[in-house]
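Since the model is a prediction, treat every value here as computed from it, not as a measurement.
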Amino acid sequence: MKAYQQGWTLRRRVAALLGVVVVLLLGLAAAEAAVAAKNRQNIDAVLLKTGPLRVQAQELMSVLLDQETSVRGYAVNGDRSDLEPYREGVKREQDLVASIRDLSADYPDVRRSLVVVEQETAQWRTQVAEPVITTVERDGPEAGQALITDATRQQFDGIRTAVNTLQEEILTVRQETADRVNATSNTLVVLLIIAALVVTTAGVVMLLSLDRILIRPLADLVGQVREVADGDYRHRIEGSGPPEFRRLADDIDQMRMKIARELDEVREARERIEWVNSQLQKQAEELTRSNRDLEQFAYVASHDLQEPLRKVASFCQLLQRRYAGQLDERADQYIAFAVDGAQRMQRLINDLLAFSRIGRLTTGFTEVDLNKVMGDVAGQTEAALQYSDAELTWGEMPTIRGEEPLLTNLLVNLVSNSVKFRRPDVPPKVHVSARLVDGEWEISCRDNGIGIEPEFADKIFVIFQRLHSKDAYPGTGIGLAIVKKIVEYHGGRVWVDTDADEGTTIRFTLPALEADIEAAKAAETAADDDTTDAQDAAEPAEAPAAEGADGDPADVGRQPDGEAREEPPAEADRHGTNGGMKETVG
């Protein structure tokens, strides 16, 4: 970390360069502001003082000439109307003198020339104009004309000379002010040129500095990183330039080393995976060979093994019929054992073949209406239902994608198990229902049989697993294993509901169609809207609702023989052909 602290950082260098440039520009800006203010002051003097002074001096000369002409005209004619320009000229002269005096406050030479003009004018008016006017009024025009001589004319020429001197002083002041305007303007231009040179120089210096301290080190770092990105993970990255770049280079090099270590680990893992894949490939080949042998065994079991079994069973049955009672009791028992063993072996082989064919011999998934499937199930289990006086009901069943024969076999096994494991002297009741849960159809098969202890809930789906002796409940112990395999083949799961109060409830899931999911969402939204509307209205009295299977409210339907039964809500009017009807003994 100490190496990073050596030398100025990039931020410090850029800040120093910008600081120098800012100080220079601020100094130039202050100088330009002062020069601009002085230039503005000089321009104001030219426009607002010297210009009006020149105009008013010329007007003053014109007013004095009007006075002299008015006095001479009055001396000739004696008409008092000829004195009107004189009197107005006197007033205008006073105004002009006052204005010139105010405008020339900063110009003493102009004010001194103005004083001379005032003195010459007052002397002429006292010595010439007033005496002429008085003489004409008293003695007539002839006497007045006698007073106007060459001396009086020369005296007025003195006024003209004083006014000319005043105008020359005003022109001199105006020229000096104009020269100052030019000087300040030139100075302002020079300062602007200097500011432009400073900015240009600072820009060039900054570009060169950034190229040396930023662009070159960055380009070098990018080149090294690109070499690593191209696959040279052993290339060490070294930084140059400001401390930030050296620190960045070290951080990137740390990442490079970490990536290199991880790549080594990945390479080792890949080699291990390739070895495992080779072993798996060997095992897959071995499984393929084993499956081929199993298929051959299944073929032999379905043909070659069943033929001897059928022959053994047939001849044992012939012995039983022909020699029954002719041999001793023990011989009859042995023959019965042989017949029963052969028949059970046939059933085991057939069930095992059926189990092995699930998912291997497929007809493809189609849309299957489970209402129709339940009608087929009722037909296939009709004999067992009549024998045990059982009642099979079902609610409205959904339509799903699957294989109809397998789904029929699934439900036949569940219904047959429910009928088989019944309680003595209690007519079996089996109800199949469905509900949509999280995008899946959860289908339940509930009965009022002997039930299953929770500790055996998982064992009943194991192939050939039996919880009772074959004498108590006949069968091969493979039915629920077939159920589990069919459900998993359709992408679902199956389990025993251990919370059932009576009998056994087996539940399994099947993927729902997209249309059913969308309809359920729409119904839920509508239900939320109805709930909101109901909260705004008067609250009606609540009545307890009956609950059917799986905790859902249920309507109570009446059987043809007068017995009451439960059925899910809104399902009483939508049963299948045999749904909701008790299978009676014929």
Side-chain angles (χ1 to χ4, degrees), residues 7-63 92-118 161-215 242:
W8 282 20
T9 64
L10 177 61
R11 177 180 296 178
R12 188 176 179 184
R13 296 178 185 182
V14 174
L17 180 59
L18 292 177
V20 172
V21 173
V22 169
V23 170
L24 291 176
L25 291 178
L26 288 177
L28 290 171
E32 290 174 358
V35 172
K38 187 65 176 178
N39 187 56
R40 178 62 180 273
Q41 183 179 356
N42 293 330
I43 292 174
D44 290 343
V46 170
L47 297 177
L48 303 179
K49 292 183 179 181
T50 60
L53 280 174
R54 183 181 179 185
V55 173
Q56 291 177 6
Q58 292 176 351
E59 187 177 355
L60 178 62
M61 186 64 194
S62 178
V63 169
R92 180 59 183 162
E93 176 191 349
Q94 294 174 353
D95 294 337
L96 289 174
V97 169
S99 177
I100 292 173
R101 187 180 295 111
D102 292 337
L103 291 174
S104 61
D106 296 331
Y107 309 115
D109 292 338
V110 175
R111 298 197 73 174
R112 283 193 293 269
S113 298
L114 179 62
V115 171
V116 173
V117 171
E118 289 178 333
T161 301
V163 173
N164 290 335
T165 302
L166 175 63
Q167 291 179 343
E168 290 176 358
E169 290 294 337
I170 292 173
L171 286 175
T172 301
V173 170
R174 185 176 183 278
Q175 186 62 40
E176 290 176 355
T177 307
D179 292 340
R180 287 197 298 271
V181 169
N182 291 331
T184 53
S185 298
N186 293 333
T187 303
L188 185 61
V189 170
V190 171
L191 290 176
L192 290 174
I193 293 174
I194 293 174
L197 291 176
V198 169
V199 172
T200 303
T201 304
V204 173
V205 172
M206 181 169 289
L207 286 177
L208 295 176
S209 301
L210 291 178
D211 179 71
R212 185 175 65 85
I213 66 178
L214 177 63
I215 297 176

Query raised in the report: Of the non-hydrogen atoms in Glu32 and Leu188, which two are nearest, and what is the gap between them?
Result: O-CD1, 3.7 Å
Query - Spatial distance of atom CD (Gln56) from atom CD (Gln58) [nearest 0.5 Å] - result: 11.0 Å
Query raised in the report: What are the two closest non-hydrogen atoms of Asn39 and Ser185, and how far apart are they?
Result: OD1-OG, 3.1 Å
Report task. Mind checking the CG-CG spacing from Leu192 to Leu28? Nearest 0.5 Å is all I need. Result -> 9.0 Å
Query raised in the report: Can you find a pair of side-chain heavy atoms, one from Arg54 and one from Gln167, that are under 4.5 Å apart?
Result: no
Query raised in the report: Do Ser113 and Glu169 have a side chain donor and acceptor closer than 3.5 Å?
Result: no
Query raised in the report: In Å, rounded to the nearest 0.5 Å, how long is the span from CD of Glu93 to CD of Glu59?
Result: 11.5 Å
Requested in this report: Starting at CG of Asp102, measure out to CG of Leu53 and round the result to the nearest 0.5 Å.
Outcome: 10.0 Å
Requested in this report: Would you check if Ile193 and Val189 make a side-chain contact, meaning some heavy-atom pair closer than 4.5 Å?
Outcome: yes
Query raised in the report: For the residue pair Leu60 and Ile100, what are the closest heavy atoms and their distance?
Result: CD2-CD1, 4.3 Å
Query raised in the report: Donor-acceptor pair, Thr201 side chain versus Val198 backbone, under 3.5 Å?
Result: no
Report task. Determine whether more than 12 heavy atoms belonging to other residues, nucleotides or ligands lie under 6.0 Å from atom CZ of Arg101. Result -> yes
Query raised in the report: With Tyr107, which of Thr50, Ile170, Leu114, Thr172 fulfils side chain to side chain contact (heavy atoms under 4.5 Å, CB included)?
Result: Thr50
Query raised in the report: Any side-chain heavy atom of Arg180 sitting closer than 4.5 Å to one from Gln41?
Result: no
Requested in this report: Give a yes or no answer on whether the side chain of Asn186 reaches the backbone of Asn182 with a donor-acceptor pair at less than 3.5 Å.
Outcome: yes
Report task. Return yes when atom CZ of Arg174 has more than 12 non-hydrogen atoms of other residues, nucleotides or ligands closer than 6.0 Å, and no otherwise. Result -> no
Requested in this report: Would you tell me whether Glu168 and Asn164 have side-chain atoms, one donor and one acceptor, within less than 3.5 Å of each other?
Outcome: no
Requested in this report: Please report the closest heavy-atom contact between Ala195 and Leu25, naming both atoms and the distance.
Outcome: O-CD2, 4.2 Å
